[in-house]
Structure formats: C-alpha cells, structure tokens
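One structure below.
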Number of protein chains: 2
Amino acid sequence: MNATATALGIREVSELTGLTLDTLRWYEREGLIPLVKRSSDGRRRYGPAAVRFVRLVQALRRTGMPIAEIRHFVMLGPGTPEHSAQRLRILQEQEVRLHRRRAELDEDLRVMRHKMADFRDLMAHGRTCEDDDLPDDCGGPPPER
Amino acid sequence: MNATATALGIREVSELTGLTLDTLRWYEREGLIPLVKRSSDGRRRYGPAAVRFVRLVQALRRTGMPIAEIRHFVMLGPGTPEHSAQRLRILQEQEVRLHRRRAELDEDLRVMRHKMADFRDLMAHGRTCEDDDLPDDCGGPPPER
DNA sequence: GCTTGCGGTGGAGTGAACTCCAGCGCCTAG
DNA sequence: CTAGGCGCTGGAGTTCACTCCACCGCAAGC
C-alpha cells in the first residue's frame, strides 16, 4: 500500500525501458509523461501507473507516432467519456499503423532473404549477380561514370 | 529484350516504392544505388536490377540501417567471394535486427491493446486505472466500486 | 568540514535524413 | 516560334528527436 515501496527512480525506469535519463526527462518536459511524482528533495518517482505510461509512450514512439501527436493524445487526459473515446480511436489508428509496419517488415524480410539467396548462389557457383536478363552490373564501387 | 522496354523513369520508381524523387536522387548521390543508367538526354533509367536494388536499400533503411552502413554494404560490390560473404553477413545481421524489431512491435501491440482495454473498461464502468486521479498503483487488487 | 555521486534545470547543440530551391536543358504540343 | 512539363544539379535549409552541457542542490561517506 506504500507508494514509496513500489515507486522507481529515474535510473531504474531508464534501465527498465532502455530510454536514456535525458530522454525520460525530455519526454516529461514535453508533456508526454504526467503522473510522475517528486520525492521531498525534488527527485522523480515513478509509480506503477507512471511506469505503465512510459511504456505506452514508448510503444507509440516505436510505432512511429511523432512527439506532437503523443502530446495531443496525452493532453486529452482522463476527462470526459468523449475524451476516452477519442483516445481509444487514436490507439486504434495507431494499431492499424503498427500492422502496416509489420507488413512492411515482412516484405523487407522477403526482399532481404531473396538477396541473401542471390549471394549464396553467387558464392556457390560463379553466377552473375542477381539479374535474370539484364546487362546491368550489380553494385560495387562507382566505376567512374 | 532491351533495357528501354523494361527500364523505368524516376517518377515510376518513386510511385512504385513510395520514395520521393528527391530521396531517390539523394540516395544515388550518396552512393546507395548504383546501376542506374541514363538516357541520351541525361535522365535516369532504372532497369529491373536497379529497381530491385532500390527495394533492397529501402528494406535496409526501413529496418533501421543508417545510410552510412548501407553505403558500406553497397561499396563492397559484387567483387570477390569474400566480399560476397561479407555482404551476406551484413544481411544476416540485419535480419536479426529485423526480428528484434518485430518482437518490439509485438510487445508494443500488447501494451497498446492493454491500454485500449482500459479505455473500454473506463467507458463502460467508471473505473479508471491508468490516470492521474489515482494516487498510485493499479496493478494490485482492483478497487471495487 | 570536504568530496563524491546522483539528480534537477534551462538552454544550446547535434546528427541523420531528408526536402527545397534556383537555374538550367531537353522535348513536345500548339 | 513559344510555353509547359519533366528532369538534372549543387547547395542550402528544415525537421525531428534527442543529447550534451554548465551549473546548482541535496545527502552520504570519509
């Protein structure tokens, strides 16, 4: 029942999330992380809710939401039901973006695997680079065009 | 059966990949895309191999490889078997990074879904879990109301 | 006491990746 | 012929998200 017992210092949150101390402080200044309390001597204390909030912000950032939008999301606050509905909508949109990003990632994986197969082939046999029928060369230092 | 038939202009490549005209030109200047030919009047022509190369570069970028590293990769060229081996190694490392990123994405999805559930709950009942009206702690026993 | 370490603040600085632009040429349509 | 459209170039400018810094205070250890 004790807040102090479960509250973390900024360093701990940093280690927990991988965000740097500077970034955590900067996010807070930018209004991305409310809920952070201060100890008597002015140091930040992150309770469970604050830590969860940091993680949410991190999730939004990593899925490509810009700072300004996150701020907007945060500013809506826990106020009215409409605000909650709007926040929910924003998260849903972000989830869509996340799925798109994952699809991209899968496509990128496909492309990279294809290229890797090319290299294996190239190393096994002396086959030309990668083209099926082109007079193109494949990469390499600019031979002075 | 000729390059002209299958070669694309910069605009087409732009539309195909989603990269802007400026970005394509800039990538080329930075040495990320060799293989691009020029038509008689100096315009860029992207043959199939060049287009594939653009896609590869895009895959590397999207999976977080910085420009400088991509350039290094490209500069290795199709030369010796060791170079091919090194290129292959780089791609393998990038594949690892891609998988890590995807794991992050999945974690982010989990976090966002959790938060969305909170909002739905908040809208259904008046129960708030994550916001600043709470003294702290919401991980423990649900506050009956 | 002093010093060491962690943390806080405001503001300046950085690096990466584009993005924009002025001025030019080529080609085609009218 | 002129006008419009696309593309080229080199270089400057912008954006974003941090990151660094100097300087301050508190608290503990020696």
Side-chain angles (χ1 to χ4, degrees), chain A residues 4 7-47 50-51 54 56-74 94 97 101 104 108 142 144-145, chain B residues 4 7-47 50 54 56-74 94 97 101 104 108:
Chain A
T4 338
L8 304 179
I10 191 168
R11 184 162 301 265
E12 292 164 300
V13 176
S14 167
E15 278 157 9
L16 197 64
T17 59
L19 298 170
T20 70
L21 301 176
D22 268 327
T23 298
L24 281 168
R25 289 193 274 248
W26 180 70
Y27 277 3
E28 197 180 332
R29 259 194 258 177
E30 291 295 305
L32 307 195
I33 319 172
L35 320 189
V36 182
K37 300 287 188 296
R38 297 301 178 109
S39 65
S40 61
D41 63 342
R43 302 188 171 197
R44 290 170 177 81
R45 314 275 39 222
Y46 297 77
V51 171
V54 171
L56 176 64
V57 168
Q58 186 178 33
L60 295 176
R61 273 299 299 128
R62 287 201 301 213
T63 52
M65 186 183 286
I67 301 294
E69 266 180 62
I70 299 179
R71 183 167 34 232
H72 173 235
F73 173 85
V74 172
Q94 196 59 15
R97 252 167 277 174
R101 210 169 177 94
E104 274 184 6
D108 294 340
E144 239 36 60
R145 350 202 123 225
Chain B
T4 337
L8 304 180
I10 190 169
R11 183 162 300 266
E12 292 164 299
V13 176
S14 167
E15 277 157 11
L16 197 64
T17 59
L19 297 170
T20 70
L21 301 175
D22 268 326
T23 300
L24 281 167
R25 289 192 275 246
W26 180 69
Y27 278 2
E28 196 179 333
R29 260 194 256 177
E30 291 295 306
L32 307 196
I33 318 173
L35 322 188
V36 182
K37 300 286 188 295
R38 296 302 178 109
S39 64
S40 60
D41 64 343
R43 302 188 172 197
R44 289 170 178 81
R45 314 269 46 219
Y46 297 76
V54 170
L56 176 64
V57 167
Q58 186 178 33
L60 294 175
R61 274 298 299 127
R62 288 202 300 213
T63 52
M65 186 183 286
I67 301 295
E69 264 179 64
I70 299 179
R71 183 168 34 231
H72 172 234
F73 173 86
V74 173
Q94 196 61 14
R97 251 168 278 175
R101 210 170 176 94
E104 273 184 5
D108 294 339

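Excluded from the calculations below are hydrogen atoms, water molecules and symmetry mates; all remaining heavy atoms, backbone and side chain alike, are included.
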Applying side-chain hydrogen bond (donor to acceptor under 3.5 Å, both in side chains), name anything that partners [X], two or more places apart in sequence or on another chain.
| X | result |
| --- | --- |
| B:T63 | B:Q94 |
| B:R25 | none |
| A:S39 | A:D41 |

Where along residues 64-74 of chain A does a heavy atom come under 4.0 Å from DNA chain D, residue by residue in number order?
A:P66, A:I67

May I ask you to list the residues of residues 14-28 of chain A, by number, that have any heavy atom positioned under 4.0 Å from an atom of DNA chain D?
A:T20, A:D22, A:T23, A:W26, A:Y27

Expressed in angstrom and rounded to an integer, what is the separation of A:I33 atom CD1 from D:dC18 atom C1'?
13 Å

Pairs satisfying salt bridge (charged side-chain N to carboxylate O under 4.0 Å, His left out), at least one member in residues 56-72 of chain A, at least two apart
A:E30-A:R71, A:R62-B:E104, A:R62-B:D108, A:E69-A:R97

All N/O pairs under 3.5 Å across the protein-nucleotides 23-26 of chain C interface:
{"unit_1": "C:dG25", "atom_1": "N2", "unit_2": "B:R43", "atom_2": "NH2", "d": "3.2"}

Return yes if the base of D:dG7 and the side-chain atoms of B:R11 contain a donor-acceptor N/O pair under 3.5 Å, otherwise no.
no

Residues in side chain to side chain contact (heavy atoms under 4.5 Å, CB included) contact with B:E12, at least two apart in sequence or another chain
B:L8, B:R45

Applying side chain to side chain contact (heavy atoms under 4.5 Å, CB included), name anything that partners A:T20, two or more places apart in sequence or on another chain.
A:D22, A:T23

Point-to-point distance, once rounded to the nearest 0.5 Å, from CG of B:L32 to CD of B:Q58
12.5 Å

